[in-house]
Amino acid sequence: MLIKTAIKNILGAGRRTWLNVAVLSFVFVLMTGLNGLIDGWLKDAEVSARKWEAGAGQLWHEKYDRYDVFTLQDAHGKIPEELSSYITDKSLTPILVVQAVAYQSGNMQNIMLRGIDPEQQILEIPSRDLQSNNDEIKAVIGKRMARALNLGAGDNLLIRWRDKNGAFDAREIVISSVFDANTATIDAGQMWIRLDKLQAMTGMTGEATYFVKSEDCPIIQDINGWTYKDLDFLLEDLYLMAESSRAESIVTFTILLTIALLAVFDTQTLSIFRRQKEIGTYIALGMTPKRVTRLFTLEGTSYSLLAILAGFVWGTPVLYWFSKTGIKLPDTYHEMGLGMRDAMYPAYESRSIVTIIVIIVLLSMLISYLPARKIAKSNVVEALKGKIN
């Protein structure tokens, strides 16, 4: 009975009801789209990082720190014998990292030389382009590196490096190909060459800085001075950035929802003030003040339920179109290493949508109860006279 009465009352309110529904449905659709953008970006960035850099996990030399270039001089060691079988079956691939300097057209730039097995099958790096039948050194670079050095496939440049004994050497290399990756950390300032060539150039034969493993590799613990890093560690930066973005979205959500709920609160307060005789009639017909309070609370909650239903009706085609078109990003975003494509495409997670629905409904219920609770404390005789203090 309460539900039927509540629905009848809010539908009878006319324009006031639909204004509240419109505001709440707008907040619902907007926050679904915003959270979808965050989820879509995180999904793209995570997939890209796994394909291009992290694999299914890594083993690091105990002195290696990817954020500290000063560790590179000592961050290398002999490949342990117990890893040989995994390297042979291509479920583990060694990477050697050496700091170097590139010279091109009178300019110089500090770079990282990364040695990789041309036959590896774990990362998307086009390592097969490093195959060579002579002493020529080939390299593959990303589009950011190519743009920074103004290079293209077939171009030559001079690089200088320091070997394990501290002696400097230089050599001319040729750019074999330029790849396009969303993950800037394997592109900007990075140059990939054959692992055996880099080992010979630096005097680090049979050595590596870290290993990237595939899903088939069973290694999940430290091995003889090599520290295992799982995906939670390797992708920690992405997760922290996603949490930061979610915090910003929560602030936006709070502001918008507060404005929408203020409209509901004002509507309920005004409704109780104008419908005092109606409230007295309800009590005269046998409803207790607490049941009348529940009726008005249910009316306010019904605004949110209608808003969510309306949001699904008009928001579904809008959000579907949004998922296909996305948001075009300026080129500057691609240099930040955030794993972004040319556009951000939302991915709508059911958990996120359900969370938004629950928050809107519960807060609507609370904000409707606050002005209605005075009914439960009212004097029955005064209520019958249409006077509620």
Side-chain angles (χ1 to χ4, degrees), residues 48-49 51-55 66 69 72 76 90 93-164 167-205 207-210 212 331-342:
S48 179
K51 287 183 177 180
W52 290 93
E53 182 179 24
R66 59 181 172 181
V69 296
L72 290 179
H76 54 86
K90 306 302 180 185
T93 188
I95 307 288
L96 179 62
V97 185
V98 176
Q99 195 173 14
V101 179
Y103 298 88
Q104 174 68 7
S105 303
N107 298 319
M108 60 179 290
Q109 178 177 333
N110 290 323
I111 64 170
M112 294 293 178
L113 283 178
R114 294 181 181 263
I116 188 170
D117 180 8
E119 301 296 330
Q120 65 86 26
Q121 302 170 4
I122 301 174
L123 302 180
E124 295 288 326
I125 306 294
S127 54
R128 290 188 178 276
D129 294 340
L130 300 176
Q131 297 284 9
S132 176
N133 296 324
N134 48 44
D135 292 335
E136 180 183 55
I137 300 178
K138 291 185 177 181
V140 294
I141 58 175
K143 62 179 182 180
R144 298 170 182 81
M145 186 66 169
R147 186 161 53 245
L149 294 177
N150 193 25
L151 292 171
D155 290 340
N156 294 353
L157 80 159
L158 182 69
I159 60 169
R160 188 190 67 174
W161 69 92
R162 189 165 60 176
D163 64 22
K164 66 183 301 182
F168 286 97
D169 200 352
R171 184 82 179 268
E172 189 175 72
I173 65 173
V174 59
I175 303 301
S176 178
S177 64
V178 177
F179 59 84
D180 186 0
N182 298 333
T183 306
T185 50
I186 53 93
D187 179 348
Q190 312 295 314
M191 191 168 292
W192 298 80
I193 67 176
R194 285 183 58 133
L195 176 62
D196 55 355
K197 294 275 189 182
L198 185 58
Q199 289 172 335
M201 290 161 52
T202 57
M204 302 178 189
T205 304
E207 298 189 19
T209 301
Y210 65 92
V212 181
D331 292 338
T332 52
Y333 278 78
H334 305 151
E335 308 297 332
M336 297 173 64
L338 304 182
M340 291 182 175
R341 293 186 279 176
D342 294 335

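Positions are given from 1 along the sequence. As the structure is a computational prediction, the values presented were derived from the model and not from experiment. Note that these values count all heavy atoms, side chains included, but never hydrogens, waters or copies made by symmetry.
- Across every non-hydrogen atom of Glu53 and Thr183, the tightest pair is OE1-CG2, 3.8 Å.
- Listed by chain and number, the residues in a ring-ring contact (aromatic ring centres under 6.0 Å, His included) with Trp52 are Phe179 (sequence neighbours excluded).
- Counting heavy atoms from C-beta on, the side chains of Val140 and Ile175 never come closer than 4.5 Å.
- Considering every non-hydrogen atom in both Ala146 and Val178, the closest pair reads CB-CG1, 3.9 Å.
- To the nearest 0.5 Å, atoms CD1 (Ile95) and CD1 (Ile125) are separated by 8.0 Å.
- For the side-chain contact (heavy atoms from CB on, under 4.5 Å) test, residues two or more places apart in sequence or in another chain that qualify with Ala102 are Ile111, Leu149, Leu157, Ile159.
- Closest non-hydrogen pair, Ala153 versus Ser177, comes out as CB-CA, 4.2 Å.
- Ala170 pairs by the side-chain contact (heavy atoms from CB on, under 4.5 Å) definition with Leu158, Arg160, not counting sequence neighbours.
- Residue pairs satisfying the salt bridge (Lys or Arg N to Asp or Glu O under 4.0 Å) criterion with at least one member in residues 93-121, sequence neighbours excluded, are listed as follows: Lys90-Asp117, Glu119-Arg128.
- Partners of Asp129 under the salt bridge (Lys or Arg N to Asp or Glu O under 4.0 Å) rule, at least two apart in sequence or in another chain, do not exist in this structure.
- Legend: residues meeting side-chain contact (heavy atoms from CB on, under 4.5 Å) with Asn156, ordered by chain and number and at least two apart, are Glu172, Val174.
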Take Met145 and Gln109 through the side-chain contact (heavy atoms from CB on, under 4.5 Å) test and state the conclusion after the steps.
-> CA-CA 10 Å; Met145 186 66 169; Gln109 178 177 333; 4.0 Å; yes
Pair Met201-Ile137, side-chain contact (heavy atoms from CB on, under 4.5 Å): steps then yes or no = CA-CA 10 Å; Met201 290 161 52; Ile137 300 178; 3.6 Å; yes
What do the steps show when you test Ile116 against Leu195 for side-chain contact (heavy atoms from CB on, under 4.5 Å), and what is the final call?
-> CA-CA 4 Å; Ile116 188 170; Leu195 176 62; 5.5 Å; no
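- The side-chain hydrogen bond (donor to acceptor under 3.5 Å, both in side chains) search around Ser127 returns Gln120, not counting sequence neighbours.
- In terms of the side-chain hydrogen bond (donor to acceptor under 3.5 Å, both in side chains) criterion, residue partners of Glu207 (sequence neighbours excluded) are, by chain and number, His76, Lys164.
- Heavy-atom neighbours of Asn110 CG from other residues, nucleotides or ligands within 6.0 Å: above the threshold of 12.
- Side chain of Asp155 to main chain of Gly152: a donor-acceptor pair is present (N/O by atom type, distance under 3.5 Å, no hydrogens or angles).
- The line from OG1 of Thr185 to CE of Met112 is 12.0 Å long, rounded to the nearest 0.5 Å.
- The distance from atom CG of Leu113 to atom NZ of Lys197, rounded to the nearest 0.5 Å, is 14.0 Å.
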Derivation of the side-chain contact (heavy atoms from CB on, under 4.5 Å) call for Asp169 and Thr202 | CA-CA 9 Å; Asp169 200 352; Thr202 57; over 6 Å; no
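- In this structure, the side chain of Thr209 engages the main chain of Val97 through a donor-acceptor pair within 3.5 Å.
- For the residue pair Arg144 and Ala181, the shortest heavy atom distance occurs at NH1-O, 2.8 Å.
- Judged as a side-chain hydrogen bond (donor to acceptor under 3.5 Å, both in side chains), and not counting sequence neighbours, Lys51 has no contacts.
- With sequence neighbours left out, the salt bridge (Lys or Arg N to Asp or Glu O under 4.0 Å) criterion links Asp196 to Arg194.
- Heavy-atom neighbours of Asp163 CG from other residues, nucleotides or ligands within 6.0 Å: above the threshold of 12.
- Remark: Leu130 CG to Glu136 CD distance equals 11.0 Å, nearest 0.5 Å.
- In this structure, Ser48 OG and Ile186 CD1 are separated by 7.5 Å, a value rounded to the nearest 0.5 Å.
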